[in-house]
Amino acid sequence: MTDLPISADLIADRNHAHREALEDDYAALGRKLARAGIDIDAVKAKVAQFSVAVPSWGAGRGGTRFAKFPIPGEPTNIHEKLEDCAVIQQLGRTTPRVSPHFPWDKVSDYKALREEAAALGLGFDAVNSNTFQDQPGQAHTYANGSLAAQDAATRQQAVDHNIECIEIGKQLGSTDLTVWVGDGTNFPGQQDLGRSLDRYLEAAAKIYAALPDDWRMLLEHKMFEPAFYSTVISDWGSSILAAQELGPKAKCLVDLGHHAPNVNIEQIVARLHRFGKLGGFHFNDSKYGDDDLDSGAINPHQLFLVFNELAEAEANPREGFNPSYMIDQSHNVTDPIESMLSSAESITQCYAKAALVDRAALHAAQEANDTMMAFQALRRAYNTDVAPILAMARMEAGGAIDVLEAYRLSQYRSRKAQERKPVGLGAGIV
Ligand code: LRH
Ligand code: MN
């Protein structure tokens, strides 16, 4: 492993300053959990093996259709994005994999990129295709769709791109392809709603046929945007039917921001799991639309309830239960590294809190229709401050007890502002 981006001495130094308080908090929480028959070290061990992937596109500032406000020292290519992702992993110790996006992360030598990442303590998670933007010199525009386009040559171009992403992913050590298409309409009548899906399924089947045996195809549904009247794969229903139609290697990916406000996402998780089609997550948070805000920043209770369903699923696994956990956010007003450190903490906290639920008490109360005690079984876990468990696991893994303090003291971003060329003004997600 090359020298990691943050000085190990700084991390050790700050951990030394925080260690006594952490051990005190950990011991106190341990006594409290022991009174409830929970072994804190067992929960810490579960937390230590938990991880979530970070999106390469989240390492830079994101934006909206109105504007994007770059920060000095933000990454300008995949190499600099990997360096920043290495900072998040070095300090937080829960994000050892990066989910890349093509062609945004295109390079000439993927074997070298894999080695470069490994030297930074990173691997690659699901690869993401992109048939929602046109690339310079592209033969067929995606203006009227991609996998569901009327034009057969356009559909084939989109199929070829997804197969190219699989070939790239094989060199990077990935085993998942995430397929999100923005295909849809803005006017009633613009496209036939039935035939659009048929075209999508026919094209997706060609991608499915190119999957290696140990790969999965993760279908990502989204209610709207960029299409604002209809979207071909708009909800979990369309997604699970498409995945069932395609075959066992096709699963459904739940991006938390892709639903109408107040949709019960944890129930969607339970349903997809019931039918063996829960493939993975894009964690973020939102108040209105696909806001791509930091995970747990707006509705941490919903994130906890999603992990509560995942804990139930883990206890009752269905065929191929191995959900891929990934962050998918747009950091429009924060330092992306700080947002992903904070988001990984929120996600891991919800995983830990779900592990604290007394499932025997919960199930007994459910069977007895004791609504209040069933609710309290969840609420007790949700109200438990698990931060000492995460910090202890992180410190023992070589990370920082206080990740944001260590990051700011490292002055990493201002150092990068000296080294990296400035990113131009613009708009849009990247
Ligand atoms: C679509 C989406 C998809 C990515 C893109 C960056 O909204 O969630 O997962 O390809 O964001
Ligand atoms: Mn997403």
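Each ligand, and each atom within it, is numbered from 1 in the order the structure gives. Since the model is a prediction, treat every value here as computed from it, not as a measurement.
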Among all residues two or more places apart in sequence or in another chain, which pass the salt bridge (charged side-chain N to carboxylate O under 4.0 Å, His left out) test with Glu202? Arg155, Lys206
Does an N or O anywhere in His258 fall below 3.5 Å from an N or O of ligand 1? yes
Glu314: side chain to side chain donor-acceptor pair (under 3.5 Å) partners, not counting sequence neighbours: Lys46
Are the side chains of His282 and Val254 in contact, using a 4.5 Å heavy-atom criterion? no
I want to know if ligand 1 touches Asp290 in the polar sense, i.e. an N/O pair below 3.5 angstrom. yes
Any N or O of Lys222 that comes nearer than 3.5 Å to an N or O of ligand 1? yes
Looking only at distances, can you tell me whether any N or O atom of His282, backbone or side chain, sits closer than 3.5 Å to an N or O atom of ligand 1? yes
Quick check: Tyr110 with Phe102 (ring centres under 6.0 Å apart)? yes
Between Phe307 and Tyr325, does the ring centroid distance fall short of 6.0 Å? yes
Does Lys353 count as lying over the ring of Tyr382, i.e. NZ or CZ under 6.0 Å from the six-ring centre, within 45 degrees of the axis? yes
Report the residues that fulfil side chain to side chain donor-acceptor pair (under 3.5 Å) with Thr178, sequence neighbours left out, ordered by chain and then residue number. none
Are Phe132 and His161 close enough that their ring centers fall under 6.0 Å? no
Show the numbers, then the answer: is there a salt bridge (Lys or Arg N to Asp or Glu O under 4.0 Å) between Arg274 and Glu309? CA-CA 11 Å; Arg274 167 64 185 77; Glu309 287 309 322; over 6 Å; no
Contact (N/O only, under 3.5 Å) between Asp292 and ligand 1: no
Is Asn128 in contact with ligand 1, taking contact as a heavy-atom separation below 4.0 Å? no
Of the protein N/O/S atoms, how many lie under 2.8 Å from the Mn ion (ligand 2): 4
Is ligand 1 under 4.0 Å from a heavy atom in the side chain of Asp328, in the backbone, in both, or in neither? side chain
Looking only at distances, please establish whether an N/O atom of ligand 1 is found under 3.5 Å from an N/O atom of His101. yes
Is any side-chain N of the basic residue among Glu338 and Arg413 closer than 4.0 Å to the acidic one's carboxylate O? no
Atom indices of ligand 1 within 4.0 angstrom of Asp255 heavy atoms, with elements: 8 (O)
To atom 9 (O) of ligand 1, the nearest of Glu220, Gln329, Met326, Glu225 on a heavy-atom basis is Glu220
Check whether the ring centres of His259 and His221 lie less than 6.0 Å apart, and answer yes or no. yes
